[in-house]
Amino acid sequence: MSSVESFSLEKGRGGGGTGLERSTERITLLRMVFGCAAIGALLAAALFAPWIAPHDPTLDDLFLINMPPAWLNDDLAYFGIENAWAYPLGTDSLGRDVASRLIYGARLAMIVGVSVACLAALAGVILGALAGFYGGWIDNVISRIVDVWLSFPPVLLSIILVAMLGTTLTSVIIVVAVIDWTRFARVVRADVLQQRSRDYIDAARIAGGSDLSILIREVLPNVLPLLVTLFFFEIGIAITVETILSFVSLSVSSGAATWGDMIAEGRRVINEAWWVMAFPVGALVITILGLNAMGDALRFYLDPVLRK
Amino acid sequence: MARLLVTIGSIFLTLLGVSVVIFVILRLVPGDPISMMLPPGATDEVRANLERLYGLDKSIPAQYVIWLRNVAWLDFGMSTQFRLPVTEIILDRLPATLELVLLASLIALVLAFAFSVLAVWLQVDSATLAIDGLAGLAQAIPDFLWALIFILAVTLFAPMMPISGRFDPRTAQDFATNFYLLESLVTFRIDAFAELTRYAVLPALALALPLAAGITRVLKGALEEAMAQDYVMLAQTKGKSRLAIVLGEALRNAMIPTIALTSVQLTFLIGGTVLIERQFSWPGIGSTAISAVINRDLPLIQGIVLVFALIFIMINLASNELYRAADPRLRTVR
Amino acid sequence: MKKLLGPLAGTALAANVAFADDSTLTIAYNVSLPSWDATVGVSAVNPTIQSIYKSVYDQYIDQNPDLSFRPGLLTEWGWNEDRSKVFMVVREGASWHNGDPVTPADVVWSLERAGKEETGNPIQFLWSTLGNFTVDGNRIDADVLRFDPTIFKWMAFLTAYVLPKDYYAEVGAEGFEKAPIGSGPYMVDEYVANSFVRLKRYDGYWGEAPEFETVIFKFLPDASARVAEVETGASDITLEIPYEEYDRLAAKDGLNGVTTPVSDIGMIFINDVGVMEDANVRKAAAHAINKDLIVDRLLRGYGVPIDTLQAPEYAAFTAETTVAYDPERSKELLAASGYSPDNPVKFKIQTTRGFKPKDYEMIQAVTGMWKRVGIEAEIEVYEIAKHFDLRARDALAPAAFYNWGNSIGDPSTSTGFSMFGPSPHSTWDTEDVDAMIGPLWGEDDEDARIAGYQKVDAYIAENAMVIPLLQFVQPIIYRDGLSVTPHVANFLLPQNVSSN
């Protein structure tokens with residue numbers, strides 16, 4: 001959270017100056033390709049985890065503790081295995097297969113990320129749209145709540161909330177969504193507020209559309225490009241926050257293979273088994289880079305204003 | 001004048017909201033300071049007695065009213081863990097956090113400035129791509145991971161670099177205030193300043209990198225936009241070098257929107273102190289907050305959350321004002 | 001912080017600007033000291049902080065590194081014939097860090113203060129068993145209001161510190177926090193909460209003068225930061241680091257290591273609810289755990305498997321009570337209750353994470369072993385605060401991992417408080433065990449009391465009402481040129497470190 005970009009209202013960023021239009025398009029294309037590749041790999045790992053992963057990610061083997069990745073493993077006799085490539089990325093301090101945990105970790109990252117993004121987007125869009133569309137006291141109340149929410153130090157609040165709700169997958173998802181819905185609410189509210197005064201809304205009104213249908217048919221489609229981008233960012237944020245919570249020993253327990261869990265564990269054995277931490281950190285960074293690149297690129301393609 | 005009053009009123013209203021939310025959440029969290037201090041063999045009677053001593057035997061609303069009444073007199077209660085007034089603890093630790101935040105922001109600004117100007121000045125695709133990539137990487141790695149990477153790097157490559165605390169505990173610090181860094185600077189004690197900076201630079205850098213990346217992205221965009229304006233063509237025809245134009249006209253025009261757009265990100269940096277201070281044993285309110293949560297030091301958590309809230313509100317206000325100033329079209333909005 | 005340090009710090013600070021390295025000992029310590037009142041509040045009952053308290057304050061009675069008792073500020077103590085009175089003789093020649101002598105009045109005041117409810121001493125229920133103090137010269141006599149056979153052992157345990165009566169009255173509770181004084185070997189020089197405390201040798205100390213003039217405890221809750229501190233030479237000594245790191249650092253040039261089993265055990269509390277009311281399930285769970293394998297492989301040999309709540313150094317330890325590793329027996333027991341690996345019995349197990357060495361990993365290994373015999377346990381990680389809350393409300397999961405420190409090694413402070421139903425810390429509450437422990441609280445024949453607890457331990461082991469796992473081993477890493485005497489009570493006392 002602390003580190004991930006605040007999206008706020010940065011319009012026009014990275015925008016096409018006249019001289020740089022062509023190179024901007026090329027960079028955007030590059031981003032799109034990189035984003036697609038990263039997210040594609042992530043999705044594939046998440047969906048096909050049981051078929052790709054060589055081992056059960058939670059199965060420990062105290063005789064195979066901290067075994068190096070296959071290409072560095074020169075002591076097969078000590079570990080009593082014949083083929084080092086049975087554990088391609090080595091094992092962790094409980095003898096669990098790092099590669100399998102990484103793959104199942106992708107699955108949990110997707111579950112956490114997408115659920116959080118959906119929940120936060122749903123709450124944020126509804127409240128933000130209400131505030132922006134109706135204004136008046138509804139806007140006042142919702143904006144006040146947003147103000148209060150934005151005044152909490154997010155890391156501290158998430159730690160307190162997880163302490164309250166317990167360390168399950170569901171509670172981690174709820175906590176991050178509860179903290180981050182304001183991101184959507186603010187952006188949607190500002191956009192709806194701007195659109196409300198446009199002519200086509202008036203036209204729709206005169207044509208006799210109900211508030212709800214105007215909101216859904218006329219206003220939301222215009223907010224959509226921004227929402228899609230935010231959605232991708234939010235997935236990255238959620239995965240990062242899960243790591244932060246693992247870091248303070250407060251994330252999903254029950255031995256589930258989350259990347260945060262692996263990083264937190266690998267940190268303790270970093271000098272003996274760097275691979276336990278290095279691979280999930282790499283996966284985390286590539287995923288966030290991919291999501292950010294994808295968000296940026298999609299925004300460029302979807303938003304006619306940006307493309308000029 | 002009226003607007004000022006409304007602003008102050010809304011600050012108080014927000015703080016009140018924050019205090020209610022945190023007060024209720026804290027009392028719903030399992031575990032309380034009393035359970036933590038019950039030794040083997042304690043009876044229910046002992047527990048009841050301790051609850052009475054710490055005022056935890058009353059209902060939540062009643063506890064809140066008592067707390068609020070005391071807060072009106074700037075009395076935030078006693079920390080159950082440190083056994084000192086919360087106000088005193090916060091005043092004592094806040095300077096350390098503020099200095100760290102200040103240094104981190106400074107580092108972020110310098111880095112962002114250097115890289116954006118470089119990118120816009122060079123105007124080469126490969127350079128732009130490289131800087132974009134670096135910024136993306138700096139942003140994708142959260143600050144506490146940067147901190148971890150630095151600590152490991154120090155162990156391996158630079159054992160002389162300090163990784164804990166604010167100064168060498170073997171030396172006495174004879175400063176009049178708790179703003180050691182600032183004080184040593186304004187009193188020209190260069191040796192002390194250099195030594196203190198050595199301790200602060202790694203935690204500050206860990207906090208700064210993600211922010212630096214954020215600012216770079218915005219500033220670079222703003223500079224590019226500014227470079228496309230007519231006055232740049234005019235300056236170019238006058239024979240000014242490209243670098244001079246970037247540093248002169250373009251930067252001036254890009255400054256305000258950049259500050260306005262990134263000041264929100266500053267709140268993330270400040271929120272990040274909670275973890276970074278703990279990792280570097282930095283004696284600020286962030287590390288204090290974590291130990292307060294672990295020990296269920298309710299009055300102290302409440303106090304620290306309110307201080308953070310006040311800082312965040314101020315930054316958000318300033319950011320809104322700047323934004324309004326930067327973009328006249330937005331004046332109609334809110 | 002200096003502003004908060006008052007008169008004491010003022011004088012001390014004026015003298016020092018920089019220190020020669022060989023007169024300073026820097027300790028990378030694992031917990032932060034929050035409060036200087038060693039008799040009140042959360043930190044008073046935190047065993048890990050006691051090292052710092054013991055450097056600054058004296059206890060009524062002290063403990064040798066092997067847990068045997070030795071005089072502290074009291075040189076003699078005991079009961080009368082019928083145990084209706086106690087006597088204590090206060091040491092002559094001890095003085096507070098401000099130069100005032102330690103008097104019997106200080107001792108009486110400390111004991112009376114500890115016994116008052118309004119002070120907030122968490123062990124108040126025990127200190128209040130003494131009353132009506134009279135002083136004659138250096139001798140204090142007091143009435144036994146309620147007999148407790150462990151009162152003198154407690155005088156070497158939590159909250160048993162003597163504080164200065166007059167000074168405390170003069171500066172008040174807050175003043176004392178800012179400028180604490182004691183009668184121990186070191187005095188507080190500068191204290192920055194959550195960062196460090198610097199101690200100075202007190203030249204007026206009554207005992208043997210410690211070697212180091214200056215001692216710094218750096219508070220570093222993060223183990224990797226502590227490792228980095230000793231590895232880079234920023235600190236001279238550290239403790240409580242992962243055993244992998246211990247092995248690596250101990251083998252390094254310039255660093256040495258020492259490990260010692262300490263008075264702290266890891267155990268799985270069993271709550272007498274749900275499936276745990278079935279003795280077959282409990283026994284199966286106990287027999288399915290290969291403690292030796294866990295210690296050898298997971299803890300790299302740094303741990304002592306135990307089968308009762310008594311570690312070998314404790315008063316009621318006996319090698320006769322054992323619980324064998326026997327997974328086949330577990331399967332039979334489970335089969336008798338209708339469970340099998342295909343139809344496992346299910347319950348929840350709670351554990352801390354990163355609080356004790358390999359705590360979470362051990363529980364993962366345990367659930368792995370259980371899985372093979374037909375027990376499917378779901379792990380939930382909880383915080384320390386939540387554990388205490390659940391334990392006090394008797395709401396722990398059917399199985400819950402936690403540690404149990406017992407630096408005085410008495411069975412009443414291990415088996416007694418953890419298994420006796422009416423104690424708020426017991427998770428197992430059944431009448432059979434209560435009936436066995438009940439009479440032992442007031443037993444004044446020490447041998448009979450110990451034998452009684454050994455019988456209770458055997459009964460508990462037989463019925464698997466708790467699953468003791470292991471005694472923890474404390475790893476200490478220190479730089480060349482130092483020698484360290486480890487303390488079984490898990491203290492890292494600067495007065496026990498010297499250079500050679």
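Note on naming: letters A, B, ... go to the chains in the order of the sequence lines (proteins, then strands), and numbering restarts at 1 for each one.
- With a 4.5 Å cut-off on side-chain heavy atoms, B:Gln139 and A:Ile288 do not count as touching.
- The local environment of CH2 in B:Trp121 is sparse, with at most 12 non-hydrogen atoms from other residues, nucleotides or ligands closer than 6.0 Å.
- Going from atom CD1 of B:Ile313 over to atom CG of A:Leu150 covers 10.0 Å, rounded to the nearest 0.5 Å.
- Within the 4.5 angstrom heavy-atom criterion, only side-chain atoms of A:Leu30, from C-beta onward, approach chain B.
- Of the inter-residue distances, the one linking B:Leu137 atom CG with A:Asn292 atom CG reads 11.0 Å to the nearest 0.5 angstrom.
- Contact check for A:Ile160 versus B:Ile22: side-chain heavy atoms found under the 4.5 Å cut-off.
- For B:Phe312, the part sitting under 4.5 Å from any heavy atom of chain A is the side chain, from C-beta outward, and nothing else.
- Proximity to chain A (any heavy atom under 4.5 Å) is shown, for B:Leu310, by neither the backbone nor the side chain.
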Criterion side-chain contact (heavy atoms from CB on, under 4.5 Å) on B:Ile25 and A:Leu157, from CA distance to verdict: CA-CA 10 Å; B:Ile25 290 177; A:Leu157 185 61; 4.2 Å; yes
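- With respect to chain A, the highest number of heavy-atom pairs below 4.5 Å among B:Val20, B:Leu275, B:Thr273 belongs to B:Leu275.
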Please step through side-chain contact (heavy atoms from CB on, under 4.5 Å) for the pair A:Val148 and B:Leu15, ending with a clear verdict. CA-CA 7 Å; A:Val148 168; B:Leu15 284 177; over 6 Å; no
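- With rounding to the nearest 0.5 angstrom, the CG atom of B:Asp143 is 6.5 Å from the CD1 atom of A:Ile244.
- Proximity to chain A (any heavy atom under 4.5 Å) is shown, for B:Val18, by both the backbone and the side chain.
- When each of A:Met277, A:Met164, A:Arg267 is checked for heavy-atom pairs under 4.5 Å with chain B, A:Met164 comes out on top.
- Neither the backbone nor the side chain of A:Leu165 has a heavy atom closer than 4.5 Å to any heavy atom of chain B.
- Going from atom CG of B:Leu13 over to atom CG of A:Asp147 covers 9.5 Å, rounded to the nearest 0.5 Å.
- Residues in residues 291-318 of chain B take part in these salt bridge (charged side-chain N to carboxylate O under 4.0 Å, His left out) pairs, two or more places apart or across chains: B:Arg296-C:Glu383.
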As a quick check of understanding, evaluate side-chain contact (heavy atoms from CB on, under 4.5 Å) for A:Val281 and B:Ile141, giving each step before the final call. CA-CA 9 Å; A:Val281 166; B:Ile141 300 181; 5.8 Å; no
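- Between A:Pro153 and B:Phe268, every side-chain heavy-atom pair lies at or beyond the 4.5 Å cut-off.
- For A:Leu161, the part lying near chain B is the side chain, with the backbone staying farther off; criterion is any non-hydrogen pair under 4.5 Å.
- For the atom pair B:Leu306 CG and A:Phe152 CZ, the distance stands at 8.5 Å (nearest 0.5 Å).
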